[in-house]
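The structure appears right after this line, and notes come after that.
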Amino acid sequence: MVEKEISQAVISRLPRYFRYLGELKDEGIERVSSQELSDIMQVTASQIRQDLNNFGGFGQQGYGYNVEFLYEEIGKILGLDRKHNLIIIGAGNLGQALVNYVDFERRGFLFKGVFDINPALYGKKIRGIEVQCMEHMNQFVRDNNIDIAVLTVPKTEAAEIAERLISYGIKGIWNFAHVDLKVPEGIQVENVHLSDSLMKLSYNISRFQKDM
Ligand code: NAI
């Protein structure tokens, strides 16, 4: 696989390529040109060629891209050719909604455990997964080969929980708490702030109204 350093901007576009190629594959389409991909995705064909060239191109002059091959290769680059075992910490509104969303599993992200500090939730089943107390988390992470932890706890709790998870061997944190986590090198954090996207939408609405 490619060792070259890929910019985060390119990485952040790969899931979108993967999604569109998956749709083409499901429609039985075998090949696609960068121009056709460009039309569907609203990204310039040259941007697409440039992005994919980071990984050796995959395209052939006059043929375009083989959809299935490109889909598989981008999947590998994104680490989707293997399963990831996840736990969620915080079984509140958001934590439960994420566990209930089955589509993550299609991509190989498997929710294995849910943890919370509230005893009233212990034993409650969310899509068949029992909420456990925090004291069980350490052993559970070690026994179940957990590599990703999802944080859906209040922001005041997130840093301390992240530190504990890292000491248990967690390599990736999908953080929904509104706080920037400081983690040691080698640990990956992806912060998700749905409100950022909403604010961008709000900005664009306001700008459009001013222009009218
Ligand atoms: P919630 O109050 O319904 O759930 C939080 C859960 O965390 C509760 O079950 C609580 O018992 C548990 N908890 C609290 N302290 C804990 C600890 N030390 N250890 C383990 N569990 C603990 O809240 P909701 O609505 O599910 O939101 C969860 C978090 O996600 C909040 O920080 C909220 O601000 C954030 N959020 C972030 C969004 C985003 O786009 N990033 C969107 C919505 C919420």
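Please read these numbers as outputs of a predicted model, since none were measured by experiment.
Remark: Asp147 engages Arg82 in a salt bridge, criterion side-chain N to carboxylate O under 4.0 Å. Under a 4.0 Å N-O distance rule, the pair Glu163/Lys182 does not qualify as a salt bridge. One finds no salt bridge joining Lys76 and Asp81 here, because no Lys/Arg side-chain nitrogen approaches an Asp/Glu carboxylate oxygen to under 4.0 Å.
Put simply, Ile187 and Val192 are part of two different groups of oily side chains (I, L, V, M, F, W, Y) that touch within less than 4.5 Å, one to the next. Both Val150 and Leu80 belong to a common hydrophobic cluster when Ile, Leu, Val, Met, Phe, Trp and Tyr are linked at side-chain heavy-atom distances under 4.5 angstrom. The same ILVMFWY cluster, assembled from side-chain heavy atoms under 4.5 Å apart, contains both Val131 and Tyr101. Clustering ILVMFWY residues whenever any of their side-chain heavy atoms sit less than 4.5 angstrom apart, transitively, puts Val179 in a cluster other than the one holding Trp174. Tracing side-chain contacts under 4.5 Å through hydrophobic residues (I, L, V, M, F, W, Y), one reaches Ile166 starting from Ile161; they form part of the same cluster.
The one candidate from Leu98, Val99, Leu86 that meets the side chain to side chain contact (heavy atoms under 4.5 Å, CB included) condition with Phe104 is Leu98. In summary, of the residues considered (Arg127, Lys83, Lys112), a salt bridge (Lys or Arg N to Asp or Glu O under 4.0 Å) with Glu105 occurs for Arg127 alone.
Tyr168 and Arg164 form a side-chain donor-acceptor contact under 3.5 Å, judged by distance and modelled atom types alone. Defined by atom type and a distance below 3.5 Å, a donor-acceptor pair is present between the side-chain atoms of Asn191 and Asn175. Looking at Asn53 and Arg49, their side chains never bring a donor and an acceptor atom within 3.5 Å of each other.
A distance-only check finds a donor-acceptor pair linking the side chain of Ser12 to the backbone of Gln8 [under 3.5 Å]. Here the side chain of Thr152 pairs a donor or acceptor atom with the backbone of Gly90 at under 3.5 angstrom. Under the 3.5 Å distance criterion, the side-chain polar atoms of Asp116 are matched with a main-chain donor or acceptor of Ala91.
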- Query: Going through the checks in order, is the side-chain contact (heavy atoms from CB on, under 4.5 Å) test met by Leu70 and Ile74?
  - Reply: CA-CA 6 Å; Leu70 189 54; Ile74 292 180; 4.1 Å; yes
- Trace of the side-chain contact (heavy atoms from CB on, under 4.5 Å) decision for Gln132 with Val114: CA-CA 6 Å; Gln132 302 184 56; Val114 183; over 6 Å; no
- Task: Begin with the C-alpha distance, continue with both residues' side-chain angles, and end with the deciding distance and a verdict on side-chain contact (heavy atoms from CB on, under 4.5 Å) for Ile40 and Leu24.
- Result: CA-CA 10 Å; Ile40 316 171; Leu24 293 174; 3.9 Å; yes
- Task: Tell me, with the steps shown, if Arg207 and Ile205 meet side-chain contact (heavy atoms from CB on, under 4.5 Å).
- Result: CA-CA 5 Å; Arg207 199 189 55 173; Ile205 291 172; over 6 Å; no
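Phe111 is listed as a side-chain neighbour of Ile129, based on a closest heavy-atom distance under 4.5 Å. Counting heavy atoms from C-beta outward, Cys133 and Phe115 have side chains that stay 4.5 Å or more apart. Between Leu121 and Asn118, the closest side-chain pair of non-hydrogen atoms falls below 4.5 Å.
Relative ring orientation between His84 and Phe109 is described as parallel, the plane-to-plane angle staying below 30° on a 0-90° scale split at 30° and 60°. Taking the six-membered ring where the residue is Trp, Phe18 and Tyr71 present parallel rings, their angle staying beneath 30° rather than reaching 60°.
Here the closest non-hydrogen pair linking Gly172 and Ile170 is O-CG2, 3.3 Å. Nearest heavy atoms, Val153 versus Ala177: O-CB, 3.5 Å. Across all their heavy atoms, Lys25 and Val67 have their closest contact at N-CG1, 3.8 Å. When every heavy atom of Ala162 is checked against every heavy atom of Leu181, the shortest pair comes out as CB-CD1, 4.1 Å. Residues Asn85 and Asn145 approach most closely at ND2-O, 3.2 Å, considering heavy atoms. Of all heavy-atom pairs between Ile89 and Ala149, the closest is CD1-CB, 3.9 Å.
The CE atom of Met199 sits 4.5 Å away from atom OG of Ser195, with the distance rounded to the nearest 0.5 Å. The distance from the CD atom of Glu36 to the OG atom of Ser38 is 10.0 Å, given to the nearest 0.5 Å. If you take CG on Leu151 and CZ on Phe176, they are separated by 9.5 Å, rounding to the nearest 0.5 Å. With rounding to the nearest 0.5 Å, the separation of CG in Asp143 from NE2 in His136 is 11.5 Å. Going from atom OG1 of Thr44 over to atom CD of Gln35 covers 9.0 Å, rounded to the nearest 0.5 Å. Separating the CZ atom in Arg13 from the CG atom in Leu52 is a distance of 10.0 Å, to the nearest 0.5 Å.
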